[in-house]
Amino acid sequence: MKGLLKMPPIYVTQPYLPPLEEFIPYLQTIWNSKILTNGGPFHDQLEKALCDYLGVKHLALFTNGTIALVTALQALRITGEVITTPYSFVATSHSLLWNGIQPVFVDIDPVTLNLDPAKIEAAITPRTTAIMPVHCYGHPCDVARIQKIADNYGLRVIYDAAHAFGVQTEDGSVLNHGDLSVLSFHATKVFNTFEGGAIICPDSKTKQRIDHLKNFGFVDETTVVAPGINGKMCEFNAALGLLQLKYIDQALVCRQKIDILYRERLKTVDGIQCLNAVGEKVANHAYFPILVRPDYPLSRDALFQKLRDCGIYARRYFYPLISDFPMYRGAPSAAPSNLPVAKKIAEQVICLPIYPALGSEVVDQIVSLIAGNRA
Ligand SMILES: *Cc1c(COP(=O)(O)O)cnc(C)c1O
(Lines give C-alpha, C1' and ligand atoms only; values in the text may rest on other atoms or scores of the structure.)
Protein backbone atom coordinates (compact mmCIF):
# COMPACT_ATOMS: atom_id res chain seq x y z
CA MET A 1 0.00 0.00 0.00
CA LYS A 2 2.86 2.37 0.75
CA GLY A 3 4.31 1.83 -2.69
CA LEU A 4 0.92 2.33 -4.25
CA LEU A 5 0.34 5.63 -2.50
CA LYS A 6 3.48 7.03 -4.06
CA MET A 7 2.30 6.10 -7.54
CA PRO A 8 0.55 8.68 -9.70
CA PRO A 9 -3.21 8.08 -9.66
CA ILE A 10 -4.42 5.29 -11.94
CA TYR A 11 -7.65 6.20 -13.69
CA VAL A 12 -10.16 3.84 -15.26
CA THR A 13 -8.77 4.87 -18.62
CA GLN A 14 -6.02 6.96 -20.17
CA PRO A 15 -6.47 8.18 -23.72
CA TYR A 16 -4.08 6.82 -26.32
CA LEU A 17 -2.18 9.59 -28.09
CA PRO A 18 0.15 9.12 -31.06
CA PRO A 19 3.64 10.71 -31.04
CA LEU A 20 3.17 14.49 -31.18
CA GLU A 21 5.80 14.98 -33.88
CA GLU A 22 3.74 12.83 -36.22
CA PHE A 23 0.78 15.15 -35.77
CA ILE A 24 2.67 18.35 -36.66
CA PRO A 25 2.67 17.76 -40.44
CA TYR A 26 -1.14 17.43 -40.35
CA LEU A 27 -1.34 20.77 -38.56
CA GLN A 28 1.02 22.29 -41.12
CA THR A 29 -1.31 21.14 -43.89
CA ILE A 30 -4.31 22.72 -42.14
CA TRP A 31 -2.40 25.99 -41.62
CA ASN A 32 -1.37 26.04 -45.28
CA SER A 33 -4.79 25.26 -46.71
CA LYS A 34 -6.80 27.35 -44.22
CA ILE A 35 -9.52 24.73 -44.49
CA LEU A 36 -10.61 24.18 -40.90
CA THR A 37 -14.00 22.50 -41.16
CA ASN A 38 -17.17 21.99 -43.29
CA GLY A 39 -16.23 18.68 -44.87
CA GLY A 40 -12.53 19.39 -45.46
CA PRO A 41 -10.03 16.94 -46.96
CA PHE A 42 -9.09 15.25 -43.65
CA HIS A 43 -12.79 14.87 -42.79
CA ASP A 44 -13.51 13.12 -46.07
CA GLN A 45 -10.35 10.99 -45.85
CA LEU A 46 -11.25 9.85 -42.35
CA GLU A 47 -14.80 8.90 -43.38
CA LYS A 48 -13.35 6.65 -46.11
CA ALA A 49 -10.58 5.26 -43.91
CA LEU A 50 -13.03 4.37 -41.14
CA CYS A 51 -15.41 2.66 -43.59
CA ASP A 52 -12.48 0.50 -44.73
CA TYR A 53 -11.17 -0.21 -41.25
CA LEU A 54 -14.54 -0.99 -39.68
CA GLY A 55 -16.01 -2.82 -42.67
CA VAL A 56 -19.08 -0.60 -43.06
CA LYS A 57 -20.65 1.00 -46.14
CA HIS A 58 -21.30 4.62 -45.15
CA LEU A 59 -20.20 6.71 -42.21
CA ALA A 60 -20.88 10.36 -41.31
CA LEU A 61 -18.46 12.00 -38.88
CA PHE A 62 -19.74 14.13 -36.01
CA THR A 63 -18.43 16.53 -33.42
CA ASN A 64 -19.35 14.03 -30.69
CA GLY A 65 -21.40 10.91 -30.10
CA THR A 66 -24.30 12.63 -28.36
CA ILE A 67 -25.04 15.01 -31.26
CA ALA A 68 -24.73 11.96 -33.54
CA LEU A 69 -27.38 10.12 -31.48
CA VAL A 70 -29.70 13.15 -31.55
CA THR A 71 -29.24 13.44 -35.32
CA ALA A 72 -29.71 9.71 -35.95
CA LEU A 73 -33.17 9.93 -34.36
CA GLN A 74 -34.01 12.98 -36.49
CA ALA A 75 -32.75 11.37 -39.68
CA LEU A 76 -35.31 8.57 -39.26
CA ARG A 77 -38.03 10.93 -37.92
CA ILE A 78 -38.43 8.91 -34.72
CA THR A 79 -41.25 10.16 -32.46
CA GLY A 80 -43.47 8.98 -29.59
CA GLU A 81 -41.86 6.25 -27.47
CA VAL A 82 -38.54 4.47 -27.88
CA ILE A 83 -37.58 1.31 -26.01
CA THR A 84 -34.12 1.54 -24.46
CA THR A 85 -31.86 0.28 -21.68
CA PRO A 86 -31.42 1.93 -18.28
CA TYR A 87 -27.93 0.38 -18.01
CA SER A 88 -25.85 2.82 -20.07
CA PHE A 89 -24.26 6.24 -20.09
CA VAL A 90 -26.91 8.91 -19.65
CA ALA A 91 -26.42 10.32 -23.18
CA THR A 92 -28.34 7.34 -24.61
CA SER A 93 -31.61 8.51 -23.05
CA HIS A 94 -30.75 12.21 -23.20
CA SER A 95 -30.72 11.95 -27.01
CA LEU A 96 -34.36 10.86 -26.80
CA LEU A 97 -35.39 13.76 -24.54
CA TRP A 98 -33.63 16.21 -26.88
CA ASN A 99 -36.05 14.98 -29.57
CA GLY A 100 -39.13 15.11 -27.34
CA ILE A 101 -39.27 11.31 -27.35
CA GLN A 102 -40.31 9.34 -24.28
CA PRO A 103 -37.80 6.67 -23.26
CA VAL A 104 -39.39 3.38 -22.19
CA PHE A 105 -36.96 1.37 -20.09
CA VAL A 106 -36.71 -2.40 -20.45
CA ASP A 107 -34.58 -4.61 -18.21
CA ILE A 108 -31.24 -6.12 -19.24
CA ASP A 109 -30.07 -9.66 -19.79
CA PRO A 110 -28.12 -10.91 -16.73
CA VAL A 111 -25.29 -12.35 -18.87
CA THR A 112 -24.70 -9.74 -21.60
CA LEU A 113 -26.02 -6.77 -19.58
CA ASN A 114 -27.63 -5.61 -22.84
CA LEU A 115 -31.33 -4.94 -23.45
CA ASP A 116 -33.14 -8.26 -22.85
CA PRO A 117 -34.93 -9.17 -26.12
CA ALA A 118 -37.38 -11.39 -24.21
CA LYS A 119 -38.75 -8.32 -22.43
CA ILE A 120 -39.06 -5.92 -25.38
CA GLU A 121 -42.45 -7.00 -26.77
CA ALA A 122 -44.31 -6.41 -23.50
CA ALA A 123 -43.15 -2.77 -23.57
CA ILE A 124 -44.41 -2.00 -27.11
CA THR A 125 -47.41 0.37 -27.32
CA PRO A 126 -49.14 2.05 -30.28
CA ARG A 127 -46.77 5.01 -29.72
CA THR A 128 -43.58 2.95 -29.99
CA THR A 129 -41.56 3.79 -33.11
CA ALA A 130 -38.08 2.45 -32.42
CA ILE A 131 -35.70 0.47 -30.21
CA MET A 132 -32.41 2.00 -29.03
CA PRO A 133 -30.18 -0.73 -27.58
CA VAL A 134 -26.57 -0.31 -26.45
CA HIS A 135 -23.71 -2.76 -27.10
CA CYS A 136 -22.69 -2.34 -23.48
CA TYR A 137 -18.91 -2.56 -22.84
CA GLY A 138 -18.59 -3.47 -26.54
CA HIS A 139 -20.40 -6.79 -26.06
CA PRO A 140 -22.81 -7.28 -28.99
CA CYS A 141 -26.57 -7.22 -28.42
CA ASP A 142 -28.68 -10.12 -29.62
CA VAL A 143 -29.02 -8.31 -32.96
CA ALA A 144 -30.95 -11.10 -34.71
CA ARG A 145 -33.69 -11.29 -32.09
CA ILE A 146 -33.98 -7.53 -31.81
CA GLN A 147 -34.29 -7.21 -35.61
CA LYS A 148 -36.99 -9.87 -35.70
CA ILE A 149 -39.09 -7.98 -33.15
CA ALA A 150 -38.50 -4.71 -35.02
CA ASP A 151 -39.59 -6.30 -38.30
CA ASN A 152 -42.72 -7.81 -36.77
CA TYR A 153 -43.86 -4.53 -35.24
CA GLY A 154 -42.55 -2.16 -37.92
CA LEU A 155 -40.03 -0.49 -35.60
CA ARG A 156 -36.69 1.13 -36.38
CA VAL A 157 -33.51 0.08 -34.56
CA ILE A 158 -30.80 2.60 -33.70
CA TYR A 159 -27.80 1.13 -31.88
CA ASP A 160 -25.84 3.24 -29.44
CA ALA A 161 -22.53 1.64 -30.42
CA ALA A 162 -20.37 4.10 -28.47
CA HIS A 163 -18.49 1.16 -26.89
CA ALA A 164 -18.33 -1.06 -29.96
CA PHE A 165 -15.55 0.37 -32.16
CA GLY A 166 -13.97 -2.50 -34.11
CA VAL A 167 -16.15 -5.22 -32.59
CA GLN A 168 -16.98 -8.07 -34.95
CA THR A 169 -19.40 -10.98 -34.77
CA GLU A 170 -19.53 -14.04 -37.04
CA ASP A 171 -20.99 -11.98 -39.90
CA GLY A 172 -18.55 -9.05 -39.69
CA SER A 173 -18.82 -5.64 -38.03
CA VAL A 174 -21.49 -5.42 -35.36
CA LEU A 175 -22.04 -1.86 -36.63
CA ASN A 176 -23.86 -3.16 -39.72
CA HIS A 177 -26.94 -4.12 -37.73
CA GLY A 178 -30.10 -2.09 -37.23
CA ASP A 179 -31.07 0.96 -39.29
CA LEU A 180 -28.25 3.08 -37.87
CA SER A 181 -25.36 2.70 -35.43
CA VAL A 182 -23.71 5.53 -33.54
CA LEU A 183 -20.06 5.67 -32.42
CA SER A 184 -18.30 7.98 -29.97
CA PHE A 185 -14.67 9.03 -30.36
CA HIS A 186 -14.53 10.73 -26.97
CA ALA A 187 -11.20 10.80 -25.12
CA THR A 188 -12.31 7.89 -22.92
CA LYS A 189 -13.21 5.58 -25.79
CA VAL A 190 -11.14 2.89 -27.51
CA PHE A 191 -10.59 5.12 -30.57
CA ASN A 192 -10.47 8.84 -29.83
CA THR A 193 -10.29 12.06 -31.81
CA PHE A 194 -10.23 14.14 -28.55
CA GLU A 195 -14.00 14.54 -29.07
CA GLY A 196 -15.88 13.02 -31.97
CA GLY A 197 -18.48 10.58 -33.15
CA ALA A 198 -20.10 9.04 -36.21
CA ILE A 199 -23.28 7.56 -37.61
CA ILE A 200 -22.99 4.35 -39.63
CA CYS A 201 -25.70 3.87 -42.23
CA PRO A 202 -26.35 1.29 -44.94
CA ASP A 203 -27.22 3.53 -47.92
CA SER A 204 -25.99 6.74 -49.53
CA LYS A 205 -29.42 8.42 -49.41
CA THR A 206 -29.59 8.20 -45.62
CA LYS A 207 -25.97 9.34 -45.38
CA GLN A 208 -26.88 12.39 -47.48
CA ARG A 209 -29.78 13.27 -45.19
CA ILE A 210 -27.53 12.90 -42.16
CA ASP A 211 -24.93 15.15 -43.82
CA HIS A 212 -27.60 17.83 -44.31
CA LEU A 213 -28.81 17.52 -40.72
CA LYS A 214 -25.32 17.92 -39.27
CA ASN A 215 -24.88 21.16 -41.23
CA PHE A 216 -27.97 23.16 -40.12
CA GLY A 217 -30.16 21.39 -42.70
CA PHE A 218 -28.39 23.02 -45.67
CA VAL A 219 -28.73 21.11 -48.94
CA ASP A 220 -27.06 23.80 -51.03
CA GLU A 221 -26.15 27.46 -50.66
CA THR A 222 -29.74 28.66 -50.38
CA THR A 223 -31.85 25.61 -49.45
CA VAL A 224 -32.52 24.56 -45.85
CA VAL A 225 -34.71 21.47 -45.45
CA ALA A 226 -34.75 20.86 -41.69
CA PRO A 227 -33.84 22.49 -38.37
CA GLY A 228 -30.48 20.76 -38.46
CA ILE A 229 -27.79 21.25 -35.88
CA ASN A 230 -24.09 22.07 -36.15
CA GLY A 231 -22.67 18.59 -35.67
CA LYS A 232 -19.70 18.71 -38.05
CA MET A 233 -16.29 17.27 -37.15
CA CYS A 234 -13.53 19.81 -37.80
CA GLU A 235 -10.23 19.18 -39.59
CA PHE A 236 -8.17 19.07 -36.39
CA ASN A 237 -10.12 16.13 -34.98
CA ALA A 238 -10.32 14.38 -38.35
CA ALA A 239 -6.54 14.68 -38.85
CA LEU A 240 -5.94 13.20 -35.41
CA GLY A 241 -8.32 10.37 -36.28
CA LEU A 242 -6.31 9.53 -39.38
CA LEU A 243 -3.15 9.32 -37.28
CA GLN A 244 -4.88 7.34 -34.51
CA LEU A 245 -5.96 4.75 -37.08
CA LYS A 246 -2.29 3.87 -37.66
CA TYR A 247 -1.97 2.84 -34.02
CA ILE A 248 -5.37 1.37 -33.26
CA ASP A 249 -4.42 -2.27 -33.90
CA GLN A 250 -1.45 -1.98 -31.54
CA ALA A 251 -3.68 -0.38 -28.91
CA LEU A 252 -6.22 -3.19 -29.20
CA VAL A 253 -3.52 -5.84 -28.73
CA CYS A 254 -2.34 -4.09 -25.53
CA ARG A 255 -5.93 -4.02 -24.24
CA GLN A 256 -6.37 -7.70 -24.95
CA LYS A 257 -3.22 -8.58 -22.98
CA ILE A 258 -4.49 -6.65 -19.95
CA ASP A 259 -7.89 -8.34 -20.25
CA ILE A 260 -6.25 -11.78 -20.26
CA LEU A 261 -4.05 -10.88 -17.28
CA TYR A 262 -6.98 -9.63 -15.16
CA ARG A 263 -9.01 -12.77 -15.93
CA GLU A 264 -6.11 -15.06 -15.11
CA ARG A 265 -5.33 -13.31 -11.81
CA LEU A 266 -8.94 -12.79 -10.68
CA LYS A 267 -9.97 -16.40 -11.34
CA THR A 268 -9.10 -17.46 -7.80
CA VAL A 269 -10.66 -14.48 -5.99
CA ASP A 270 -13.89 -15.59 -4.32
CA GLY A 271 -16.88 -13.31 -4.80
CA ILE A 272 -15.48 -11.50 -7.85
CA GLN A 273 -17.04 -12.31 -11.20
CA CYS A 274 -15.60 -11.25 -14.55
CA LEU A 275 -17.99 -10.77 -17.47
CA ASN A 276 -17.51 -13.19 -20.30
CA ALA A 277 -17.47 -12.18 -23.94
CA VAL A 278 -20.61 -13.37 -25.68
CA GLY A 279 -20.92 -13.55 -29.43
CA GLU A 280 -17.95 -11.44 -30.44
CA LYS A 281 -15.38 -12.86 -32.83
CA VAL A 282 -13.21 -9.77 -32.42
CA ALA A 283 -13.54 -7.93 -29.10
CA ASN A 284 -12.20 -4.44 -28.31
CA HIS A 285 -11.70 -4.76 -24.52
CA ALA A 286 -13.04 -1.25 -24.05
CA TYR A 287 -13.81 -1.86 -20.36
CA PHE A 288 -13.00 -4.39 -17.68
CA PRO A 289 -16.13 -4.70 -15.54
CA ILE A 290 -16.24 -6.99 -12.50
CA LEU A 291 -19.24 -7.89 -10.35
CA VAL A 292 -18.71 -7.80 -6.59
CA ARG A 293 -21.04 -10.55 -5.39
CA PRO A 294 -22.55 -10.92 -1.91
CA ASP A 295 -19.99 -13.65 -1.06
CA TYR A 296 -17.10 -11.16 -1.40
CA PRO A 297 -15.92 -9.99 2.06
CA LEU A 298 -16.49 -6.28 1.33
CA SER A 299 -19.45 -4.44 -0.14
CA ARG A 300 -19.02 -3.08 -3.67
CA ASP A 301 -18.74 0.47 -2.36
CA ALA A 302 -16.22 -0.53 0.31
CA LEU A 303 -14.01 -2.15 -2.34
CA PHE A 304 -14.48 0.89 -4.61
CA GLN A 305 -13.34 3.14 -1.73
CA LYS A 306 -10.43 0.88 -0.81
CA LEU A 307 -9.13 1.08 -4.38
CA ARG A 308 -9.61 4.85 -4.38
CA ASP A 309 -7.70 5.23 -1.11
CA CYS A 310 -4.79 3.51 -2.83
CA GLY A 311 -4.94 5.79 -5.88
CA ILE A 312 -6.86 3.39 -8.14
CA TYR A 313 -9.73 5.38 -9.64
CA ALA A 314 -12.00 2.58 -10.83
CA ARG A 315 -15.53 3.60 -11.85
CA ARG A 316 -19.00 2.23 -11.14
CA TYR A 317 -20.22 2.16 -14.75
CA PHE A 318 -23.26 2.07 -14.78
CA TYR A 319 -24.39 3.25 -11.40
CA PRO A 320 -26.78 4.98 -10.88
CA LEU A 321 -29.06 3.64 -13.59
CA ILE A 322 -30.28 6.21 -16.12
CA SER A 323 -33.81 5.48 -14.92
CA ASP A 324 -32.87 6.76 -11.44
CA PHE A 325 -31.92 10.28 -12.59
CA PRO A 326 -34.54 12.96 -11.81
CA MET A 327 -35.56 13.60 -15.43
CA TYR A 328 -36.36 9.89 -15.93
CA ARG A 329 -37.46 8.39 -12.63
CA GLY A 330 -41.12 9.55 -12.83
CA ALA A 331 -41.95 7.27 -15.78
CA PRO A 332 -43.70 3.97 -14.99
CA SER A 333 -41.01 2.01 -16.86
CA ALA A 334 -38.33 3.53 -14.59
CA ALA A 335 -39.76 1.81 -11.50
CA PRO A 336 -37.12 -0.44 -9.86
CA SER A 337 -39.65 -3.31 -9.90
CA ASN A 338 -39.58 -3.14 -13.72
CA LEU A 339 -35.76 -3.33 -13.83
CA PRO A 340 -34.62 -5.88 -11.22
CA VAL A 341 -31.61 -7.19 -13.16
CA ALA A 342 -30.27 -3.74 -14.06
CA LYS A 343 -30.73 -2.63 -10.45
CA LYS A 344 -28.80 -5.62 -9.08
CA ILE A 345 -25.94 -5.28 -11.57
CA ALA A 346 -25.66 -1.51 -10.99
CA GLU A 347 -25.12 -2.28 -7.30
CA GLN A 348 -22.40 -4.87 -7.97
CA VAL A 349 -20.36 -3.46 -10.84
CA ILE A 350 -16.91 -1.86 -10.84
CA CYS A 351 -14.97 -1.12 -14.02
CA LEU A 352 -11.26 -1.63 -13.42
CA PRO A 353 -8.58 0.42 -15.20
CA ILE A 354 -7.80 -0.78 -18.72
CA TYR A 355 -5.85 1.14 -21.36
CA PRO A 356 -2.91 0.45 -23.68
CA ALA A 357 -0.24 1.99 -21.43
CA LEU A 358 -1.35 0.20 -18.24
CA GLY A 359 1.58 -1.88 -16.98
CA SER A 360 1.18 -5.51 -15.93
CA GLU A 361 2.73 -4.66 -12.53
CA VAL A 362 -0.13 -2.24 -11.91
CA VAL A 363 -2.67 -4.90 -12.89
CA ASP A 364 -0.99 -7.19 -10.34
CA GLN A 365 -1.21 -4.50 -7.66
CA ILE A 366 -4.89 -3.87 -8.39
CA VAL A 367 -5.65 -7.59 -8.21
CA SER A 368 -3.69 -7.91 -4.95
CA LEU A 369 -5.80 -5.15 -3.45
CA ILE A 370 -8.99 -6.90 -4.56
CA ALA A 371 -7.73 -10.27 -3.35
CA GLY A 372 -7.16 -8.69 0.04
CA ASN A 373 -3.50 -9.61 0.52
CA ARG A 374 -2.76 -5.90 0.64
CA ALA A 375 -4.98 -4.36 3.24
C1 LIG B 1 -19.56 7.99 -24.45
C2 LIG B 1 -20.94 7.56 -24.67
C3 LIG B 1 -21.88 8.38 -25.34
C4 LIG B 1 -21.62 9.82 -25.66
O5 LIG B 1 -20.59 10.05 -26.52
P6 LIG B 1 -19.88 11.49 -26.54
O7 LIG B 1 -18.99 11.38 -27.73
O8 LIG B 1 -19.15 11.64 -25.26
O9 LIG B 1 -20.94 12.52 -26.73
C10 LIG B 1 -23.12 7.85 -25.62
N11 LIG B 1 -23.47 6.61 -25.24
C12 LIG B 1 -22.62 5.82 -24.58
C13 LIG B 1 -23.07 4.44 -24.21
C14 LIG B 1 -21.33 6.27 -24.24
O15 LIG B 1 -20.52 5.48 -23.54
Side-chain angles (χ1 to χ4, degrees), residues 11-16 46 50 59-74 82-99 101 103 105-106 108 112-115 130-141 157-167 174-175 177-178 180-200 210 214 229-234 236-238 240-241 244 255 275 284-289 315-323 325 327-328 342 345-346 349 351 354-355:
Y11 296 106
V12 70
T13 192
Q14 181 186 84
Y16 180 81
L46 182 60
L50 281 172
L59 180 149
L61 288 170
F62 274 79
T63 184
N64 63 56
T66 304
I67 295 289
L69 281 170
V70 169
T71 304
L73 290 159
Q74 284 177 2
V82 169
I83 290 170
T84 189
T85 170
Y87 192 78
S88 178
F89 182 61
V90 73
T92 309
S93 289
H94 277 3
S95 72
L96 298 171
L97 288 201
W98 274 93
N99 281 293
I101 296 164
F105 298 106
V106 162
I108 57 172
T112 63
L113 310 189
N114 290 326
L115 201 57
I131 308 170
M132 185 180 268
V134 178
H135 302 296
C136 192
Y137 307 131
H139 299 311
C141 290
V157 182
I158 299 175
Y159 281 103
D160 180 340
H163 301 175
F165 187 94
V167 172
V174 76
L175 304 172
H177 293 281
L180 299 173
S181 289
V182 176
L183 288 170
S184 165
F185 307 144
H186 183 256
T188 56
K189 305 300 203 277
V190 163
F191 174 84
N192 87 78
T193 58
F194 279 28
E195 292 261 12
I199 302 179
I200 284 93
I210 292 166
K214 79 178 187 188
I229 201 155
N230 179 0
K232 306 180 302 290
M233 178 182 277
C234 78
F236 179 92
N237 301 98
L240 185 72
Q244 292 283 44
R255 284 178 176 276
L275 290 183
N284 68 4
H285 311 287
Y287 299 87
F288 198 87
R315 295 293 299 268
R316 290 165 291 185
Y317 299 142
F318 289 100
Y319 165 86
L321 295 176
I322 298 176
S323 46
F325 290 121
M327 61 298 294
Y328 298 106
I345 301 295
V349 73
C351 285
I354 186 166
Y355 50 88

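Throughout, residue positions are numbered sequentially from 1 according to the sequence presented. When a ligand or atom number is given, it counts from 1 through the structure's own listing order.
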### Task
Compute the minimum heavy-atom distance from Ser88 to ligand 1 and say whether it is under 4.0 Å.
yes
### Query
Strictly under 4.0 Å, does any heavy atom of Gly196 approach an atom of ligand 1?
yes
### Message
Go through it in stages, so that I can follow the logic: the residues are Cys136 and Phe318, the test is side-chain contact (heavy atoms from CB on, under 4.5 Å), and I'd like the CA-CA distance, side-chain angles, deciding distance and then a yes or no.
### Response
CA-CA 10 Å; Cys136 192; Phe318 289 100; 3.9 Å; yes
### Message
Assess the residue pair Tyr287 and His163 against the criterion (side-chain contact (heavy atoms from CB on, under 4.5 Å)); give the C-alpha distance rounded to whole Å, side-chain angles, the decisive distance to 0.1 Å, and a yes or no.
### Response
CA-CA 9 Å; Tyr287 299 87; His163 301 175; 3.5 Å; yes
For ligand 1, which is the ligand I care about here, please tell me if [X] has any N or O atom under 3.5 Å from one of the ligand's N or O atoms.
X	result
Asp160	yes
Gly65	yes
Thr66	yes
Lys189	yes

### Enumerated ligand 1 atoms positioned under 4.0 Å from heavy atoms of Ser184
1 (C), 5 (O), 6 (P), 7 (O), 8 (O)
## Note on the structure
A student checking ligand 1 against Ala91 at a 4.0 Å heavy-atom cut-off should list atoms 4 (C), 10 (C)
### Task
Nearest 0.5 Å please: distance from the CD1 atom of Ile131 over to the OG1 atom of Thr85.
12.5 Å
### Message
Can you list everything that forms a salt bridge (charged side-chain N to carboxylate O under 4.0 Å, His left out) with Lys214? Sequence neighbours excluded, please.
### Response
Glu47, Asp211
#### Entry: Location of contacts on Asn64 toward ligand 1, heavy atoms closer than 4.0 Å
both
### Query
Using heavy atoms and a threshold below 4.0 Å, how should the contact between His163 and ligand 1 be classified: side chain, backbone, both, or neither?
side chain
### Query
For Gln74 and Asn99, does a side-chain donor sit closer than 3.5 Å to a side-chain acceptor?
yes
### Query
Is the closest side-chain donor-acceptor distance between His94 and Tyr328 under 3.5 Å?
yes
### Task
Just say parallel, tilted or perpendicular for the rings of Phe185 and Phe191, cut-offs at 30° and 60°.
perpendicular
### Ring centres under 6.0 angstrom apart (Tyr159, His135)
yes
### Task
Considering heavy atoms of the protein only, find what lies nearest to atom 3 (C) of ligand 1 and give residue, atom and distance to 0.1 Å.
Phe89 CD2, 3.8 Å
